[in-house]
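Chain letters run A, B, ... following the sequence lines, proteins first, then strands; residues in each count from 1.
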Protein chains: 2
Amino acid sequence: MNKIDDTSWSRDAIAADLERAIHEHRLPPGTKLGEDDLAEAYGISRTIVRAALLALSHRHLVQLRRNRGAFVAQPTPREAREVFEARSLLEPRTAHSAALRMTEADLALLNANIRDEHAALDAGENGRALLLSGQFHLEVARIADQTTIEAVISELISRSSLIIALYWRRRAALCETQAHHALLDAFARKDGAAAEELMKNHLLDLVASLDLRNVAPPPASLREALQR
Amino acid sequence: MNKIDDTSWSRDAIAADLERAIHEHRLPPGTKLGEDDLAEAYGISRTIVRAALLALSHRHLVQLRRNRGAFVAQPTPREAREVFEARSLLEPRTAHSAALRMTEADLALLNANIRDEHAALDAGENGRALLLSGQFHLEVARIADQTTIEAVISELISRSSLIIALYWRRRAALCETQAHHALLDAFARKDGAAAEELMKNHLLDLVASLDLRNVAPPPASLREALQR
DNA sequence: GGGCGCAAAGTTGTATACAATACTGTCCCG
DNA sequence: CGGGACAGTATTGTATACAACTTTGCGCCC
């Protein structure tokens, strides 16, 4: 209903649209994604919606429960740790490669990204800021020219957004843009080793800002029941 | 037709069955996977088949071409390099963790795996040997108790099987089991550093045994035309 | 005889109808 | 008054019908 139904939405377009909404915390963890609702919203049949939800479930952004429907995923503390563990294996080395391949155009793009993120934060658009923050990391992987790793990181970043929604402790907004700024400096100097180290510490800081005590499943079934 | 249709196949069961067939090189790269054919083979409607094919396409094992159908993926040399690049970022450290957590039961399982692989090679069942070889790597990730990384590695291993089908240069069968045996020794000693180094070199050896010159796309559209 | 165009067949894309399962509220019984 | 069973409602699972597109083969024209 709030979606533009001028053109017909493709499966991938719907999946991307939903992923963005999840990433921006417009669809919080546990939200029920009813097939009829989505079909009506996008002006298409359930067939396409189901395919899109299946795609998102493969990215661990949506949990499918047989005969019960699709819900925005709710990563456990364990899953949260694992996601950042995987990122810490992939992203520092990727940042290293990216630093060595960095061009002026790439630097400008990353710089614009940081600026936009800051603007979003000032405007109170936290969801949009989080999305831009993720895009910064994704852009680094793209610059490293590693399509396969980029795809993996893309999924991990989106999952990280869900993790932040559930386990974020204190608002360390400044920390974020600061870390990205420091990375940008290393990139500008084409200092691979520094970029690698900065990325590694950045990810460690991110995990440190989470509260992953095992009392996690409160939003699990309780919230889900209320959500609908 | 050759499939058992006693019980009804689920989407995931079909996807797993197809993935196994691809992994074992029973379905070589470029093979057309017609929806009607599969639906008849498994005794279900195209609905489920389409969902399974969509799932496999998300694992990069199947390439979907709009209005043309599904084909077993044909990784490019570049993609091949990237897959092993990703594996070399993930698996050595994972082997390290696995070594530290190794139990007697785990060792027995890995040992049995190597034995089975050897038996398969002796029997000339190369596809089965390749599957078992992949399972060895997957088992290591499981032992490391990293579900998320395990899922990523699982996909990369299956893709590696496609890469081997396309770019394998010489049969270095012995090398394979030798490397796994050396890893097993390190695991038995709970020597994480050694396991990490062995895994790293094992993956380098694998890439070295490939012929990734950019004359790759011969099997691309030519073979696809003949295949059907 | 070669090349273009059109028509027919086959395959995939999408929507919809129906079946199966889970949820909700009510009624009856203890 | 509380608990359990049952029926109604709603939602998801699967199959099928139809539409759109691609491919293929034939025929006509140049």
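- A distance-only check finds no donor-acceptor pair linking the side chain of Ser133(A) to the backbone of Ala129(A) [under 3.5 Å].
- For Thr31(A) (side chain) and Pro28(A) (main-chain N/O), a donor-acceptor pair under 3.5 Å exists by modelled atom type.
- In this structure, CG of Asp12(A) is placed 12 Å from P of dG13(C), rounded to the nearest angstrom.
- The CZ atom of Arg11(B) sits 8 Å away from the P atom of dT14(D) (whole-angstrom rounding).
- Atom CG in Asp36(B) sits roughly 9 Å away from atom C1' in dG10(C) (whole-Å rounding).
- Thr47(A) has no side-chain polar atom (N or O) that falls below the 4.0 Å cut-off from OP1 or OP2 of dT14(C).
- With rounding to whole Å, Phe71(B) atom CZ is found 11 Å from dT22(D) atom C1'.
- Rounding to the nearest 0.5 Å places OG1 of Thr147(B) at 4.0 Å from CD of Glu82(A).
- The 5' end of DNA chain C is approached more closely, in terms of each residue's nearest nucleotide, by Glu35(B) than by the other of Ile48(A) and Glu35(B).
- Look at CG on Leu64(B): it is 17 Å from P on dT11(C), rounded to the nearest Å.
- In the interface, the side chain of Arg68(B) is not paired with the base of dG13(C) through any donor and acceptor atom under 3.5 Å apart.
- Asn67(A) has its CG atom 6 Å from the C1' atom of dT12(D), to the nearest Å.
- You'll find a donor-acceptor pair under 3.5 Å spanning the side chain of Arg46(A) and the base of dG13(D), going by distance alone.
- Across the protein-nucleic acid pair, Arg50(A) atom CZ and dT14(D) atom P stand 7 Å apart, rounded to whole Å.
- One interatomic measurement links the two molecules: CZ of Arg66(A) to C1' of dA22(C), which rounds to 12 Å at whole-angstrom precision.
- A sub-4.0 Å separation between OP1 or OP2 of dT12(C) and a side-chain N or O of Lys32(B) is present.
- A salt bridge between Arg81(B) and Glu85(B) is absent, with no side-chain N of the basic residue lying under 4.0 Å from a carboxylate O of the acidic one.
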